[in-house]
Amino acid sequence: MVTTEIHLETTTNPTTVLQQLFNSGADTDLVLSYFDWSTRECKITYTLELTCRLLHSLAAAKMYWNIKNLLNGLVKDESFCSVSSIFRAFSSCSGDRLCDDHSRVIDMLVAAYVRNKKPHLGFEAFKRADDYGLKLSVVSCNQLLNSLVKESEIESVEYMYKEIMRKRKIELNLVSFNIVIHGLCKVGKLNEASDVIEDMKSVGVSPDAITYNTLIDGHCKKGKTGKLYRADAILKDMVESGIPADEFTFNILIDGFCKDGNILAALKVFDEMQTQGVKASLITYSSLIHGLCTYGKLDEAIALSDQMMCSGLKPDIFTYSAIIKVFCKKKMVDKARELFDDLVKKGMVPTTLMYNTMIGGLYSKGDTEGAKRLKNELANKGMKIDNISL
DNA sequence: ATAGGGTTAG
């Protein structure tokens, strides 16, 4: 049995105690206990250097859960430590060169920024990690890329992608490529997205259904004339590569054709979907019902919503919204009102747009009283009608 | 998983 004796000089300064603990080679568990206890009881904030020294010890001891907690605290208070100060503290607290343990802490720092909704700081950390020769993991990179896509920070996504591909130290995987392609499609950079598909193939990563679906959706949502033609061509590529269209593919195409005003084509895809044994979902029905409503095919829309109910699907807020719109447009306001009450009863919260639709429907039927009641209800929730349209 | 895991549709 090994016993470590620690000789502490009589002192009341927690910083001195912590330093002595480090220098005496105390167990990381013990150092952490003292760090936590003194932070809590003495309300002390240690210097970034000491904190980083602790983080490094924790990494060496593989105490990752503790690192995660500590980093969460650091990241929440960004006035206390900038990204650059953290890196500086790391290089000054370690005598030797930065090692794998440092990489791991910095990797977890990036993940902490993402968790705390600060992707721009994660991006800064990504750049600095490279300056300091630290290697991030593909998991943290993907988390960062994904949060940058969500924030529509596509320039940063492109920068990261290009740097990683140029330096070839981090090996991107299928998910990484899919995230980058999604980001590019989101801002309409469809050619760049296709280039990424070529890149991934050249490094031996094969596109999957998500890759193709993302690109197809990109073409449906962007581009003017012939956009569905291009989407169709990608679908052909997809199937030829041995990847069959799935639920996402069909839904993307159906919505694409509906938004393009080509209801017949959308219905054809809907048929094909069923022929191939892919089950229609709430998303399928809400796209179609919405499309049919927009182009005045109200009876078909109602028939489809009946079909949906019969298939055992329970409408959600999106499908309710589409069906209510259909009934209002058909001046079957009682039926619409019934559904409106129904969804509220089920605990769903109507959107302002749905109130607008209902109020518009009631007015067009001459039910001024009913319209006023709903208007008041809306006002009581602090919401406002903008424009009433059907 | 040495911690941790990310992507597509209304």
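Below, read A as the first sequence line, B as the second, and so on, with proteins coming before strands; counting in each chain starts at 1. Atom set for the values below is all heavy atoms of this structure, side chains included, hydrogens, waters and symmetry mates excluded.
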How far does OG of A/Ser241 sit from CE of A/Met238, to the nearest 0.5 angstrom?
8.5 Å
Residues A/Lys259, A/Asp255: salt bridge by 4.0 Å N-O rule
yes
Pairing of A/Asp341 and A/Arg337 as salt bridge, 4.0 angstrom limit
yes
Which part of the nucleic acid, if any, lies within reach of A/Asp246 when heavy atoms closer than 4.0 Å are counted: base, sugar-phosphate only, or nothing?
nothing
Outer limits of DNA chain B sitting under 4.0 Å from a non-hydrogen atom of chain A, read 5' to 3', are B/dT2 to B/dG10
Which part of the nucleic acid, if any, lies within contact of A/Leu282, taking any heavy atom under 4.0 Å across all strands shown: a base, the sugar-phosphate backbone alone, or nothing?
base
Electrostatic pair A/Lys236-A/Asp232, nearest N-O below 4.0 angstrom:
no
Among residues at least two apart in sequence or on other chains, which ones pass side chain to side chain donor-acceptor pair (under 3.5 Å) with A/Lys381?
A/Tyr355
Would the number of heavy atoms belonging to other residues, nucleotides or ligands and lying under 6.0 Å from CD of A/Gln307 be above 12?
yes
Kindly write out the residues that satisfy side chain to side chain donor-acceptor pair (under 3.5 Å) with A/Glu151, not counting sequence neighbours, or none if the list is empty.
none
Select base, sugar-phosphate, or nothing to describe what A/Lys150 touches, counting heavy atoms under 4.0 Å on all strands.
sugar-phosphate
Note: contacts of residues 176-185 of chain A with DNA chain B (heavy atom, under 4.0 Å) are A/Asn178, A/Ile179, A/His182
Using a 4.0 Å heavy-atom cut-off across all strands, classify A/Ser137 as base, sugar-phosphate, or nothing.
base
When the P atoms of B/dG10 and B/dG5 are considered, how many whole Å apart are they?
26 Å
Base, sugar-phosphate or nothing for A/Asp208? Non-hydrogen atoms, less than 4.0 Å.
nothing
Please state the C1' separation for the pair B/dA1 and B/dG6 - nearest whole angstrom.
14 Å
Which residues, if any, of residues 284-307 of chain A bring a heavy atom under 4.0 Å of DNA chain B?
A/Ser286, A/Ser287
Distance in Å, A/Ile170 CD1 paired with A/Asp130 CG, rounded so as to fall on 0.5 Å steps
7.5 Å
A/Lys118: which residues meet the side chain to side chain donor-acceptor pair (under 3.5 Å) condition with it, sequence neighbours left out?
A/Glu78
How is A/Ser140 classified with respect to the nucleic acid when contacts are heavy atoms under 4.0 Å: base, sugar-phosphate, or nothing?
base
Under the 3.5 angstrom rule, does the side chain of A/Ser321 hit a backbone N or O of A/Ile317 as a donor-acceptor pair?
no
A/Phe340-A/Tyr320 aromatic ring centre distance below 6.0 Å
no
